[in-house]
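For the single chain, residues carry numbers from 1 onward in sequence order.
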Amino acid sequence: MKLHEYQSKQLFSKYGVPIPRGRIALTAHEAKSIAQELGGRVVIKAQVLVGGRGKAGGIRLAHTPEEAEEAATQVLGMRINGLPVRKVLVDEAAEIRSEIYLGVTNDRAFFSPVMMASAEGGVDIEEVARTHPDKIVRVCIDPLLGLHEHQARFLAVAIELGRDHWREFIGIACGLYQAFITSDATLAEINPLVITGDNRLLALDGKMVLDDNALFRHSDLAEMRDMDEEEAIEREARRFGLSYVKLDGTIGCMVNGAGLAMATMDVIKLFGGEPANFLDIGGGAGADKVAAALQLILKDPNVKVVMFNIFGGITRCDEVAKGILTALDQIETDLPMVARLVGTNEEEGRRILAAADMVTATSLADAAEKAVAFSEKG
Ligand code: GDP
Ligand code: MN
């Protein structure tokens, strides 16, 4: 479960992380009065459960309450990555001298939480991670001992933070780790952690992902779930007995079996593509279920191509093929589709799909390669 920026920052602040003053607004009018209350410049920030809001125009600076109202009107009318903006955070604006990245997550390679820091925080951190991985420094944290002060100091030194900020930085790193560990989070991140005009450290953005399997022991956090967001499609999926997780890529995937779905995503990535979702239609899915699943995939505006990977055991390939055609009768779409069907009644399944002008493939690699090629065409 993802938390909104404002929820994450409030949680961080409980653990001593300094955050800007600010409040949530549901209307532009409210945004204006919060701006009046705060006095001076504010930032209007879209609260949607996706990253990259800054680049999408969801973060606006306003100098007066009137400008804040205007900016909030615009941001509240936006969709970011397909999600409508229903609320904005109105924060006191900060003057930024530099932007640091600080995050903690679990690292499978080290079997432990890992804290990461970079002097080059901000909206391009993914780019930094890709092109200059050396600019991100890491420390492994023993889950029994917790984050040691000396480890936080090591990070401060490694990112060449001025000595006058070390104490503050160590406090923030320890607070972030506490927030992470006590909430059973899988990610807690501050990006950017800024050095302000008056030379203080301040967490301008916050992101937290909580472990759904641990929510039963955090009823206060579970209540923060935003029913309006991320959930709509997932709720619908549950209704049809489908397990669906939305991701950020462009290749919609329909697969039977969780393990096969994971393998499919891996192979898509191997060929340089990004899956738009994880979707397991389960064993023995009939035409109706397949149609419902395809409808779900096509609701995601990021999807540029749909890839089917069906292993026909209990599920029969011809049933799946019929389901795909049933769905296509109901939905208007000109997206390319690639299907790999193997197993029970595969020839029949492929014949049905080929007759409907669908690209078919015999191996997973072949299907992934074709899907990736379509996704790159734009
Ligand atoms: P994200 O794009 O979803 O990660 O949203 P962020 O909250 O990280 O904001 C994106 C960028 O907007 C930051 O990296 C800053 O450069 C800028 N920004 C955010 N808040 C402020 C602020 O108070 N003052 C100024 N000057 N810039 C800000
Ligand atoms: Mn950010």
Side-chain angles (χ1 to χ4, degrees), residues 2 48-53 55-56 78-85 126 228-258 260-282 285 287-310 320-321 323-341 353 356-361 364-378:
K2 292 179 186 167
V48 278
L49 296 172
V50 289
R53 297 165 306 159
K55 288 193 171 166
M78 288 176 70
R79 275 178 172 272
I80 300 182
N81 214 341
L83 293 174
V85 179
E126 272 92 10
D228 289 341
E229 287 218 22
E230 65 167 5
E231 289 305 287
I233 286 186
E234 286 168 22
R235 262 208 310 272
E236 202 166 321
R238 261 198 300 276
R239 200 157 64 86
F240 288 99
L242 302 161
S243 76
Y244 174 94
V245 180
K246 185 179 156 24
L247 301 167
D248 293 332
T250 53
I251 302 177
C253 310
M254 188 190 303
V255 188
N256 63 331
L260 189 59
M262 300 290 270
T264 304
M265 289 161 52
D266 283 348
V267 174
I268 286 174
K269 282 188 169 256
L270 184 68
F271 284 100
E274 287 294 330
N277 64 277
F278 167 95
L279 172 58
D280 171 15
I281 59 170
D288 287 356
K289 207 167 174 185
V290 172
L294 186 55
Q295 302 240 21
L296 279 181
I297 292 177
L298 295 176
K299 274 193 186 146
D300 177 350
N302 293 336
V303 169
K304 290 190 180 144
V305 51
V306 182
M307 174 174 159
F308 302 90
N309 185 20
I310 303 297
V320 172
I324 295 172
L325 296 192
T326 308
L328 289 176
D329 277 344
Q330 298 161 8
I331 323 165
E332 192 86 24
T333 175
D334 43 20
L335 288 182
M337 306 207 173
V338 180
R340 178 219 178 203
L341 306 176
L353 291 182
D357 288 332
M358 191 168 295
V359 180
T360 56
L364 174 49
D366 182 28
E369 215 170 345
K370 285 173 175 160
V372 171
F374 279 120
S375 74
E376 283 167 353
K377 269 189 208 156

Non-hydrogen atoms of [X] and [Y] that approach each other most closely:
{"X": "A368", "Y": "V267", "result": "CB-CG1, 3.6 Å"}
{"X": "A327", "Y": "A291", "result": "CB-CA, 3.5 Å"}
{"X": "A261", "Y": "L279", "result": "CB-O, 4.3 Å"}
{"X": "A258", "Y": "D280", "result": "N-OD2, 3.3 Å"}
{"X": "L298", "Y": "V306", "result": "CD2-CG2, 3.9 Å"}
{"X": "L364", "Y": "R340", "result": "N-NE, 3.5 Å"}

Donor-acceptor check, side chain of K370 to backbone of T360, threshold 3.5 angstrom: yes or no? yes
Is a side-chain donor or acceptor of N277 paired with a backbone partner of C253 at a separation under 3.5 angstrom? yes
At what distance, to the nearest 0.5 angstrom, does [atom1] of [X] lie from [atom2] of [Y]?
{"X": "E236", "Y": "L242", "atom1": "CD", "atom2": "CG", "value": "9.5 Å"}
{"X": "I268", "Y": "M307", "atom1": "CD1", "atom2": "CE", "value": "4.5 Å"}
{"X": "T333", "Y": "Q295", "atom1": "OG1", "atom2": "CD", "value": "11.0 Å"}
{"X": "Y244", "Y": "I281", "atom1": "OH", "atom2": "CD1", "value": "14.5 Å"}
{"X": "L83", "Y": "K246", "atom1": "CG", "atom2": "NZ", "value": "7.0 Å"}
{"X": "I251", "Y": "M265", "atom1": "CD1", "atom2": "CE", "value": "11.0 Å"}

Does some side-chain heavy atom of [Y] sit less than 4.5 Å from a side-chain heavy atom of [X]?
{"X": "L328", "Y": "L294", "answer": "yes"}
{"X": "V359", "Y": "F374", "answer": "yes"}
{"X": "V48", "Y": "M78", "answer": "no"}
{"X": "D248", "Y": "E274", "answer": "no"}

Please check if the number of heavy atoms outside E332 that lie under 6.0 Å from its CD is greater than 12. no
Assess whether atom CG of D288 is packed by more than 12 heavy atoms of other residues, nucleotides or ligands within 6.0 Å. no
